[in-house]
Amino acid sequence: MNSIFENTATAFALKKDAELERAYFLFKMIANEPLVRIGTAMTNFAIKAHLPVEGLIRATVFDHFCGGINEKDCMPVVDKMYTKGVSSVLDYSVEGKDDEDPLDNALETILNVLDFVKEKDGIPFAVFKPTGYGRFALFQKINEGKGLTDSEKEEWARVVARFDKTCKKAYDLDVALLIDGEESWIQDAADSLVEDMMRKYNKEKIVVYNTLQLYRWDRLEYLKGLLEKAKLESFKVGMKVVRGAYMEKENNRAQEKGYKSPICISKQATDKNFDTVVSFMVDNLSDVSIFAGTHNEESCYKLIKLMEEKGISPNNSNIWFGQLYGMSDHISFNLAEKGYNVAKYLPFGPVRDVMPYLIRRAEENTSVAGQTSRELNLLKKERERRKI
Ligand SMILES: Cc1cc2nc3c(=O)[nH]c(=O)nc-3n(C[C@H](O)[C@H](O)[C@H](O)COP(=O)(O)OP(=O)(O)OC[C@H]3O[C@@H](n4cnc5c(N)ncnc54)[C@H](O)[C@@H]3O)c2cc1C
């Protein structure tokens, strides 16, 4: 078992030679940190200046990391991946909009996605992030336990209504719903809202999944508390488990404001925390569902091993593995080939609006962040195998 991820023929079976070459070229470019920095600045400038760069972006990074500009546009990718047993999570990746209009637009988009995916076997989940549905500062104010003004109370009621409308629709249509995790200083407010949704919609099946960011050292305790409440009140817990994407921001803020950082003291401590929480969840599989969102091979192997030890079949509907589209195909496609449940986040949105998402992917794939050498080596190995 300990080498299933090395099979590059399975990992890249869907990529034609030309697509493999494009991916290789792309990862070579983004391995170069100065180039990414300059490229990011130039792209931001070009977009702001309305220069005609969208075609170029679309043909390169966009097509590698995104499914299309709208949900229909994503279908060829969804269908293709599903022929290999890999499902998709359509992810509307437009971020950082604070006024009401974009929030309502996000709601409309997610509701449309739910309608769109309801009868599509290849798309078992929808996803949104809390600040897609409410203003960041409002979440923060609630998180800090500060009183709201009358108009803020009304605004919050609209946020709650957006969550409820989405979760109810997901429940009615039988589509599972992942809710992303964000910065710790808004997360308590989001958590308690998502808990209410689980209370309402996770009675007989698991529809609503919150996210546990396991670079946070307090999450096991949080999960244990939640599970106790769930058992007492007869609802089930859906959880996406990830390590967490805001580490630097979290540590910087804690240092600036002089409180203890919520982040584990080292990468090893985060890894250990991840394993401990996943193991706790597997032990409680009758009450929880796991969506393991990770590109870490070791974490995937450990979860596989736990499943084997406990006689849990690979396609048990309470355990999913998740990766991002355009990354770690060696994990996704090899797991799917062995019968495990796998879904890739497939971002979509207008090219200029998904730029922040694309820039983050490029940055996390620079040689500094270290992911790229792995992607590059795998692509290289497959090129050599195909002799191209
Ligand atoms: C399908 C999917 C969904 C996701 N959804 C979310 C989400 O909702 N919210 C969110 O925040 N992120 C989300 N992420 C991103 C995720 O949190 C990680 O940033 C990313 O996946 C890298 O972690 P890893 O487990 O893949 O692997 P690795 O590369 O092994 O881990 C890297 C991670 O380890 C942690 N880390 C690194 N150095 C240290 C250190 N010195 N001390 C402590 N910890 C350290 C950080 O979290 C870092 O991102 C998602 C990822 C995937 C694949």
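Each ligand, and each atom within it, is numbered from 1 in the order the structure gives.
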Any nitrogen or oxygen of D271, side chain or backbone, less than 3.5 Å from one on ligand 1? no
Looking only at the aromatic ring of each residue, does the gap between the centers of F128 and Y92 stay below 6.0 angstrom? no
Got a sec, which residues hit side chain to side chain contact (heavy atoms under 4.5 Å, CB included) with S313, two or more places apart in sequence or on another chain? N315, N316
Cut-off 3.5 Å, side chains only: do R216 and Y222 have a donor facing an acceptor? no
Side chains of S88 and K344, donor plus acceptor under 3.5 Å: no
Out of V242, V241, L212, N210, who gets a non-hydrogen atom closest to atom 13 (C) of ligand 1? V242
Going by the atom numbers of ligand 1, which of them fall below 4.0 Å from some non-hydrogen atom of S266? 40 (C), 42 (N), 43 (C), 44 (N)
Structural part of T270 in contact with ligand 1, heavy atom criterion under 4.0 angstrom: side chain
Going by heavy-atom distance to atom 28 (P) of ligand 1, choose the closest among E182, K267, E248. K267
Check each atom of ligand 1 against the heavy atoms of T294 and keep those under 4.0 Å away; list them by number with element. 24 (P), 25 (O), 26 (O), 53 (C)
For F163 and V194, which heavy atoms make the closest approach, and how far apart are they? CE2-CG2, 4.0 Å
Do S299 and R243 pair up side chain to side chain, a donor and an acceptor below 3.5 Å, judged on atom types alone? yes
Mark up the atoms of ligand 1 that fall under 4.0 Å of a heavy atom belonging to T211, in ascending order. 8 (O)
Quick one: hydrophobic cluster around Y215, which other residues, with the 4.5 Å side-chain cut-off, linked directly or via members? Y246, M247, I263
Give the contacting part of R243 toward ligand 1: side chain, backbone, both or neither, where contact means a heavy-atom distance below 4.0 Å. both
Would you compute the distance between atom OH of Y340 and atom CZ of F321 and round it to the nearest 0.5 angstrom? 6.5 Å
With only distance considered, is G244 within less than 3.5 Å of ligand 1 through an N or O on each side? yes
Would you check whether K240 reaches within less than 4.0 Å of ligand 1, judged by its heavy atoms? yes
Test item: side-chain donor near acceptor, H330 and E297, under 3.5 Å: yes
Should you measure from each heavy atom of Y246, which atoms of ligand 1 turn up under 4.0 Å away? 11 (O)
Within a distance under 4.0 Å of any heavy atom of M247, pick out the atoms of ligand 1 and give their elements. 36 (N), 37 (C), 38 (N), 39 (C), 40 (C), 42 (N), 43 (C), 44 (N), 45 (C)
Atoms in ligand 1 with a heavy atom of D180 nearer than 4.0 Å: 8 (O)
